[in-house]
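Notes follow once the structure below has been shown.
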Amino acid sequence: MRLAILGCGTVGSEVVRLLHEQSADLAARIGAPLEIAGIAVRRLGRDRGDLPVDPELFTTDAVGLIKRDDVDVVVEVVGGIEPARSWLVDALRAGKSVVTANKALLAEDGAALHDAAADGGADLYYEASVAGAIPLLRPLRESLHGDRINRVTGIVNGTTNFILSAMDATGAGFAEALEEATELGYAEADPTADVEGFDAAAKAAILASLAFHTRVGAADVHREGITEVTAADMASAKAMGCTIKLLCLAARGVDAAGRGSVSVRVHPAMIPRSHPLASVGDAFNAVFVEAEAAGPLMFYGRGAGGAATASAVLGDIVAVGRNRLAGVRAPSESAYADLVVRPMGEALTRYHVSLDVADKPGVLAAVAGVFARHDVSIATVRQAPAGAEPAGRGVDAVLVIVTHVAPDAALAATVEELRGLDAVRSIASVLRVEGGA
Ligand code: NDP
Ligand code: HSE
């Protein structure tokens, strides 16, 4: 089986290394040897260290490489939407199976790839696109196909998990923790895709599509990043026995019109320290799947890094090889359920609201009245004196309110009305609460 490798950066170079180091084992597992037909890159002259590969295999002509008659399988580890989409659609339509790690493309236009795979009778595998090394998509796509998944909750971005874990451990603010993540090589020079939640939202779309047999794209995912999470938010979470994580949450439900639906969101949230995801530290990923018959399942491991991600790519290459030899195809896309994507306003969640208020009679009643008007039930209220000033003498105090579950639109409208209340000097923080805190 001859491979066209597109990209030889962080992931691609490790794919090439593993193909070389494990060639005998891989051939034995597949039943036929693997051979690299060519490697497409952007810069031919780039120093690639001691990569164990014939330099003659490198080319800048990806299109020409894919079209070669002696190429059976295309492995795409370049990233981005174009030209990757055109390359892969053409390869799949020509009957060449594809292995890709490209979550951005799958979330933006997975339909184009799945349709092309169906047209060309080719396999499309993308295990590395979500949670790097963790075997997660195959369990969702195959092992759990006899069950009904109700909810997927995950930490799927290592960079932001490193930052939030550092904020939790040291009390640092976001900027300081990001600086540390950059120095240690966890955050890229431009961290926007990670800290603004775009990377996690793409992964959430892929997970939701597989879990709920429905096409979900990046545009269907409600996305908030972690740039607004403060040291005070983290301290507040700690005081409640919680920590803050950037969560991807995908859940099955019923929309306002009574139709079967999914809601998919990515945002920072407080979770109790007793929740399995709370102990996921450093740059690790973990995904918690709740299925009807199987119950709760937890997947944990490295979500990024060249070798870790290459492990998932190699697993897909072996699967493609076995399918080719057996004359069978991978399970095709399953989107039959075609559930409605519910808007964020209908998502059910809980809020933790921290208010700087005047400490005088009637304030608590006024604040509670706003919650009541929006049909939001308060679960707990805690009042603490602000700063060093003693409470109870007309000076400011901090009110910390945690709600019961309510539609996000009602919670957001409550916060908006609180902003205009005379007694509320400022809203110090608003965070969603998940995981039964
Ligand atoms: P890198 O930026 O390290 O590597 C990209 C590679 O693509 C480079 O070899 C580059 O060539 C090549 N390339 C870029 N543009 C072109 C082009 N127009 N034609 C041919 N080759 C091109 O990316 P990563 O290895 O980090 O990521 C690859 C994919 O894997 C992405 O989709 C990413 O989202 C995904 N992924 C990455 C993870 C990680 O930990 N890094 C984890 C999980 C998924 P050159 O070497 O000449 O510059
Ligand atoms: N930037 C991603 C992360 C790695 O921090 O998890 C690739 O998915």
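Everything quoted here is computed from the prediction, not taken from an experiment. Read the numbers this way: they start at 1 and go in the same order the structure lists the ligands and their atoms.
- With hydrogens left out, the protein atom closest to atom 4 (C) of ligand 2 is Ala304 CB, 3.5 Å, a heavy atom.
- For atom 5 (O) of ligand 2, the nearest non-hydrogen atom of the protein is Thr159 OG1, 2.5 Å.
- Under 4.0 Å from ligand 2, the heavy atoms of Lys203 that appear belong solely to its side chain.
- At the shortest separation from atom 1 (N) of ligand 2 among protein heavy atoms lies Asp194 OD1, 2.9 Å.
- Between Arg138 and Asp316 a salt bridge is recorded (basic side-chain N to carboxylate O distance below 4.0 Å).
- We find the CD-CD1 distance between Glu176 and Ile163 to be 12.0 Å, quoted to the nearest 0.5 Å.
- Each of Val99, Asn102, Thr100 was checked for a side chain to side chain contact (heavy atoms under 4.5 Å, CB included) with Tyr126, and the lone residue meeting it is Thr100.
- When all heavy atoms are compared, the tightest approach of Ala256 to Glu346 is N-OE1, 3.1 Å.
- Ion pairing between Arg273 and Asp168 holds under the 4.0 Å rule for side-chain N and carboxylate O.
- Among Glu82, Arg85, His114, the one residue that satisfies the side chain to side chain contact (heavy atoms under 4.5 Å, CB included) test with Asp109 is Arg85.
- Here the heavy atom of the protein found nearest to atom 6 (O) of ligand 2 is Gly158 N, 2.7 Å.
- Of the protein's non-hydrogen atoms, the one nearest atom 7 (C) of ligand 2 is Lys103 NZ, 2.9 Å.
- Each of Val405, Asp408, Val376, Val402 was evaluated against Tyr351; a single residue qualifies, Asp408, per the side chain to side chain contact (heavy atoms under 4.5 Å, CB included) test.
- Contacts of Asn157 with ligand 2, taken as heavy-atom pairs under 4.0 Å, involve both backbone and side chain.
- When heavy-atom distances to ligand 1 are checked against 4.0 Å, the residues falling inside are Gly7, Cys8, Gly9, Thr10, Val11, Ala40, Val41, Arg42, Arg43, Arg46, Arg48, Val77, Val78, Gly79, Trp87, Ala101, Asn102, Lys103, Ala128, Ala304, Gly305, Thr309, ordered by chain and number.
- The aromatic rings of Tyr336 and His213 sit tilted, their planes meeting at an angle between 30° and 60°.
- Judged by distance alone, the side chain of Asp255 and the main-chain N or O of Ala257 form a donor-acceptor pair under 3.5 Å.
- A distance-only check finds no donor-acceptor pair linking the side chain of Arg215 to the backbone of Ala335 [under 3.5 Å].
- Of the heavy atoms in Asn285, none comes closer than 4.0 Å to ligand 2.
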